[in-house]
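So the structure is just underneath, and the comments pick up after that.
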Amino acid sequence: MSNREIVAENLVKRYNGNVTAVNDVSFRVKSGEIFGFLGPNGAGKSTTVAMLTTLIVPTEGKATVGGYDVVSQAGEVRRIAGVALQEIGIDPLMKSMELLTIQAQMFGLSRRQAQERARELLDLVKLSNVTDRRVGKYSGGMRRRLDLALALAHEPAILFLDEPTTGLDPASRRDIWNEVRRLNKQLGMTIFLTTQYLEEADELADRVAIINNGRIVVEGTPADLKAGLGAESINVTFRETEDAERARSELAAMAERAQVDRKTLRLYLSRAAESVPVVVNRLGQTGLEPVSLTLTQPTLDDVFLHFTGRRFSAEDMPEAEVA
Amino acid sequence: MSVISNPTTLVGIRRAERPVSMPFFLQVTTMTWRSLVTIFRTPAAVVPGLLISAFFLFVYEASLGNASNFLPGLAGKSYLAFILPVSVISSALSGAALAGEAIVRDIENGYFNKLLLTPINRRALLLGPMIAGALVLGLQTAIVVVVGLLMGLRPETGVAGIAAVMGLAVLLGVAFSGFTVSIALRTGSGAATQGASFLFFPLTFLTATFVPLSLLTGWIKTAATYNPITYILEAMRSVLLTGWEADVLARGLLAILAMAALTFTFAILSLRARTRRR
């Protein structure tokens, strides 16, 4: 199969000469990879997607999608890339079958072939039972799935998903996640996914770039990024702060770093899980009685905090349902 | 549950053997069909214009129908035939607004952008709604004419005259739809598009609406003289009331062509501005 890479070199997008939405962004997404573009609202994610999908032109820099230049070979880019924008572009008066048929026809299928393709896609996104209903009557999750189907109409080699699960309930998010994984595994589709949900990037992406204020602050696999922060931690909570302080003086030596946070002692160390018995033993010897003991592995939230100096806060973040 | 087809083929056709896009003509018919579907799924957009046009016809005929004997030149002739073109023109203009509204709906709901990401020819995005608008406004004027016939309209030139009046109405509507789609493409706002269409509605009245042009005086005569609608109105009236008058018809057609030249240029420029990648 042909080149399925996405390459961005020093992309800059400035509006009206002064507002810089994207500032010197570079990355390389390999063929068949799921690349997570993670950042809070207004970080520059959608602007980057708009440049890569030929909707807008970069102010500076260069990008290729599947080897085609997004400015000079926009037509080729559109033919090999599928796009589901954050703002779902579907006409509420139409029916799903009609929209999918038109979409497939525009990419060169005959009417009959396009209808066949539309039925196939409706099966794929589990909308076959509501083809007679106008799209305006669909739920948010159904619209997202239809939009995904539209993006797949011409069997793209590279798929762009701009915040595909924002505003969805947990069950619908699961559906989309499963679909994204399946497309990636079964078809080897390269997937560029933006999200403001850390657990989404963690769950889906092979590699993640964190973008903040138009700049990429760090890039790597979720595991590497978390490992880069050093240790996991064992958290022991006591009834009194003094107990936590006492425990720290006893246990600090075995950890890379020990910190008391109110009544909780946090011991940062690699291989935290294996060290739990030792910690429990030592506590027993000193006669300190913990109220609880938990293990923490760093999250991408910690990564974000570390590199940007502020907490990641996604608006209307749904209840985390990922363990 | 069917699994997505083999990566290198799409419904059995290898990627390399697939045409890259749809032929232009089919793109246009597909977009036209789509616009028609959405127009007919919102009857609220079509019915009021039609009702207003029919309402004009009833009211003017009822209130002024017996006054025609007082109008020089109309003595002994049908006031219905004199006033019907006003209704036909207002229905053509309200139908033309549908083209702009169809485009602006797509811009507002994001479907326009979605289509821009396909290999579709930009002009099909413009022509589809315009042709759909022309078909609907043709239907609207036909209904108005049928209402007129039921009210007793007997045109001097018979069936051919009715066809001529409808032809002029559709051409006028198409010319005016160039303006409504331009506003739609420029502003991307439904409110602005409707407002702009409505703004031109008074054009119908700054003409020899109720009495022949020769009876007008003062500023309204000046306004009517420069209003292209006046000449279209006169062309329709001459067909219905007098007979075939080549010069009057030619003036009417010329007025439409002049309008179309302006609005189509504006429309093409607006399409370019809307689809230019920034």
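FYI, side chains are in, hydrogens and waters are out, and symmetry mates aren't considered; it's all heavy atoms of this structure. Convention: sequence-line order gives letters A, B, ...; per-chain numbering from 1.
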Ion pair present between [X] and [Y], side-chain N to carboxylate O less than 4.0 angstrom?
| X | Y | result |
| --- | --- | --- |
| A/K62 | A/D69 | yes |
| A/E116 | A/R119 | no |
| B/K114 | A/D147 | yes |

Practice problem: Measure the shortest side-chain to side-chain distance between A/L148 and A/L159 over non-hydrogen atoms and say whether it is less than 4.5 angstrom. | Solution: yes
Q) For chain A, which of B/L26, B/L116, B/L115, B/V37 has the most heavy-atom pairs under 4.5 Å? A)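 Of the candidates given, the most pairs with chain A belong to B/L116.
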Of the listed A/V83, A/T59, A/L150, A/L55, the one with the largest count of heavy-atom pairs under 4.5 Å with chain B is A/L55
- Task: With a 4.5 Å cut-off on heavy-atom pairs, point out which of A/I90, A/L85, A/I56, A/V77 contacts chain B the most.
- Result: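 Between A/I90, A/L85, A/I56, A/V77, the count favours A/I90.
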When the 4.5 angstrom heavy-atom criterion is applied to B/R105 and chain A, the contacting part is side chain
